[in-house]
Amino acid sequence: MTNTNTKTKTKTEATPAKTANGPSRSKGGSDQVVSIPKRHEEERKRLPIYSARDAILAGIKKHPSVIIVGETGSGKTTQIPQYILEAGWAQYGAIAVTQPRRVAATSLARRVAEEAGTKLGQRVGYTVRFDDTSSPHTKLKYLTDGMLMREILSDPLLHRYNYVLLDEAHERTLRTDILFGMLKDIQSKRHQLKPNGSATTTPRIVDELKIIVMSATLDAERFAKYFNNAEILYVEGRQFPVRVFNTLEPQPDYLDSALVTALQIHTEQGPGDVLVFLTGQEEIENLEKLLLEQRQRLPAEAQDLLVCPLFAALPPAQQALVFTPAPPRTRKIILATNIAETSITLPGIRYVIDTGVHKSRGYSSKIGIESLLVAPISKSSARQRTGRAGREALGYCYRLYTEDGFAQLEEDSEPEILRCNLAAAILQLKAAGVNDVLDFDYMDRPPKLALLRALEQLYALNALDDTGRLSKLGKWMAEFPLDPCFAKVLFESQAHQCTHEVIDIIALLSVDTLFMMPFHKREEAAEARQKFTSLDGDHITFLNLQKAYQSVKGDSQWCSDHFVNHRGMHHVQEVRKQLRQVCERVKVNPNVSCGHDFDRVLQCFTTGFFHQTALLQPDGTYRSVIGSQYVRIHPSSTLFGKRHEAILYNELVFTTRLYVRGVSAIQANWIPEASPRYFRQGQLTAKAALPSVKGP
DNA sequence: AAGTGTACA
């Protein structure tokens with residue numbers, strides 16, 4: 001069994017005979033030998049979690065579900081799956097470990113494959129969108145939670161797994177929350193199907209599914225309660241202490257406080273880089289400017305400072321700067337959004353400055369509007385930020401708010417499922433066989449209105465029939481990794497004979513920032529962009545960009561010359577390829593083109609976005625068809641400042657004002673034609689807001 | 001006339 005010196009349970013669970021569709025065992029080859037390679041053995045034993053190994057295995061053996069609480073650095077994500085593997089418990093069924101992010105899934109799999117002495121894709125592998133290293137031999141698979149959701153669609157009881165580990169559960173992303181309910185349901189169904197279970201209605205032999213929820217926060221009781229009184233196990237982290245300082249008075253201007261604090265650390269404190277948490281790009285660029293001004297005033301003998309901005313839209317080359325050590329006698333000051341809170345781990349940070357705020361996405365199901373506003377963070381976010389100072393040595397955290405201010409923060413951030421549009425998630429649930437989505441076992445139940453809005457939207461798109469069940473079209477839509485609106489547009493593209501163009505545009509719309517707007521070169525960038533601009537709006541402009549990009553074969557120099565997001569365009573090509581593949585699979589010809597008849601394309605988009613349209617008012621403003629809201633065209637749009645009788649938009653977000661992004665000009669009479677079901681029913685205020693549009 | 005936290009299929 002294992003070569004470890006410790007006493008490990010070598011007895012495996014009573015495992016039923018191999019099922020017909022179970023994974024086959026590979027014969028021969030060193031890959032079958034379950035052992036810890038010598039060079040990693042000592043290292044693995046030094047991890048804090050090692051001492052809890054037997055207790056964890058015992059807990060997993062005894063309980064259907066286990067909650068593991070452990071901070072970063074405990075090794076829970078890399079070690080627990082290996083313990084299960086080494087115990088021989090994954091001989092027939094495999095182990096899945098989910099991650100909210102792709103990079104985490106791929107890098108963890110690489111490290112664990114190395115530790116386990118196997119080639120990536122053999123016993124250990126990963127599956128993320130566009131990249132799958134798993135094979136029939138893979139016993140331990142790291143995958144994104146979205147990927148596991150898709151696997152459920154093709155394998156509703158997840159037969160190939162006996163263990164599912166949900167990592168970073170405390171983040172409460174929409175997908176982990178949906179997975180919670182789905183897995184709980186699968187676990188109970190598989191229990192009922194078990195040979196020695198109460199109901200043996202099927203000849204198929206099914207193993208039980210173990211669920212292991214891993215979280216970094218101490219509030220595990222809610223998880224435990226939700227998963228049928230699961231066992232809670234605590235594992236120690238490996239974290240250095242961090243001294244926390246609060247301000248004595250509330251700060252009227254946290255940007256100014258951040259500037260003062262950063263300079264104070266720089267001139268008075270010992271070595272170590274500084275990480276400042278800010279809300280967005282504009283704020284980061286402002287503080288960068290202020291810091292660089294102050295840098296000029298530093299005494300000649302003082303150490304230098306290097307300012308590194310860090311946010312997702314930053315070009316990769318500049319993002320990489322934060323990982324390269326600062327030159328001698330230079331201190332790095334990193335100005336980051338909350339990308340540095342979870343997604344990117346920075347080395348060398350000893351000082352954290354926490355402004356106590358972030359931008360957070362909200363959604364009002366009442367008016368169907370998303371917002372992106374500055375809001376206070378939660379206590380757990382504050383602790384997470386603080387922890388970033390203690391990764392390598394003891395650190396310091398300066399909270400730019402009072403102790404009382406901290407006490408008033410919410411304990412945890414609101415789960416995403418409570419503050420987003422649920423249409424896509426509901427479509428997935430229905431496709432996975434959960435018809436009654438109102439009664440689904442949510443850990444945090446979304447407001448009923450939000451669920452009803454999602455059902456209404458799916459009904460309006462013809463994805464549901466009159467009884468609320470998934471229609472044939474709805475099943476078709478769920479095949480695609482797309483928002484329901486886009487899936488509908490893609491379906492309609494067949495009738496409009498413009499599938500080729502529609503696939504391209506949908507792929508292009510999947511990237512946030514295709515045209516870069518560098519701080520200091522805005523005019524140049526705007527000029528470069530002119531070459532692609534279509535008077536029809538952003539959709540056709542993007543299509544022009546794709547054509548130009550293809551004609552230069554994706555040349556990266558061409559991209560940077562034209563201020564085009566090279567990485568983004570690469571992603572577009574991957575999405576495009578995948579959409580074309582799925583089309584082929586469902587017997588839709590992806591090559592049918594409308595040539596230059598772009599009216600067809602935009603009419604087609606109206607069939608999925610009739611609810612995201614606005615009409616020009618006599619005073620020159622636009623009013624949304626639904627909700628009758630005044631909306632402004634975002635300055636990043638090609639239609640900014642232009643007037644057309646009607647527009648459709650990809651996104652409606654409230655920031656400083658209510659802005660629409662991804663905008664194209666349409667004809668007003670296309671709107672009611674786009675969804676007779678919706679406008680005839682008039683269940684929303686659509687008709688009232690459409691005085692100039694005659695419904696059928 | 002003026003601006004987009006993060007992630008995923």
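Here is how names work: the chains are called A, B, and so on, in the same order as the sequence lines, proteins then strands, and each is numbered from 1. On a predicted model such as this, the values are computed, not experimentally measured, just so you know.
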**Prompt:** Should Glu411(A) and Arg383(A) count as an ion pair when the cut-off is N to O under 4.0 Å?
**Reply:** yes
**Prompt:** If you take atom types as modelled and just measure distance, does the side chain of Arg175(A) reach the base of dA9(B) with a donor-acceptor pair under 3.5 Å?
**Reply:** no
**Asked** With sugar-phosphate meaning primed atoms plus P, OP1 and OP2, does Leu174(A) contact a base, only sugar-phosphate, or nothing at under 4.0 Å between heavy atoms?
**Response** nothing
**Asked** Which listed nucleotide (dT6(B), dC8(B), dG3(B)) is nearest to the side chain of Phe311(A)?
**Response** dT6(B)
**Message:** Any base atoms under 4.0 Å from Leu372(A), or only sugar-phosphate, or nothing? Heavy atoms, all strands.
**Reply:** base
**Of the listed nucleotides dC8(B), dT4(B), dA7(B), the one nearest the side chain of His634(A)** = dT4(B)
**Request:** Could you tell me whether Arg632(A) contacts a base, only the sugar-phosphate backbone, or nothing, with contacts defined as non-hydrogen atoms closer than 4.0 Å?
**Result:** nothing
**Request:** Look at atom CZ of Arg111(A) and say whether more than 12 heavy atoms of other residues, nucleotides or ligands are closer to it than 6.0 Å.
**Result:** no
**Request:** Measure from the side chain of Ser343(A), starting at C-beta and using heavy atoms only, and say which of dA7(B), dA1(B), dG5(B) lies closest.
**Result:** dA7(B)
**Request:** Going by the side chain to side chain donor-acceptor pair (under 3.5 Å) test, name the single residue among Arg385(A), Gln384(A), His358(A) that passes it with Glu341(A).
**Result:** Arg385(A)
**Separation between OG of Ser360(A) and CD1 of Ile377(A), rounded to the nearest 0.5 Å** = 11.5 Å
**Request:** Identify whether any heavy atom of Ser360(A) sits under 4.0 Å from a base atom; if not, whether one sits that close to sugar-phosphate; answer base, sugar-phosphate or nothing.
**Result:** nothing
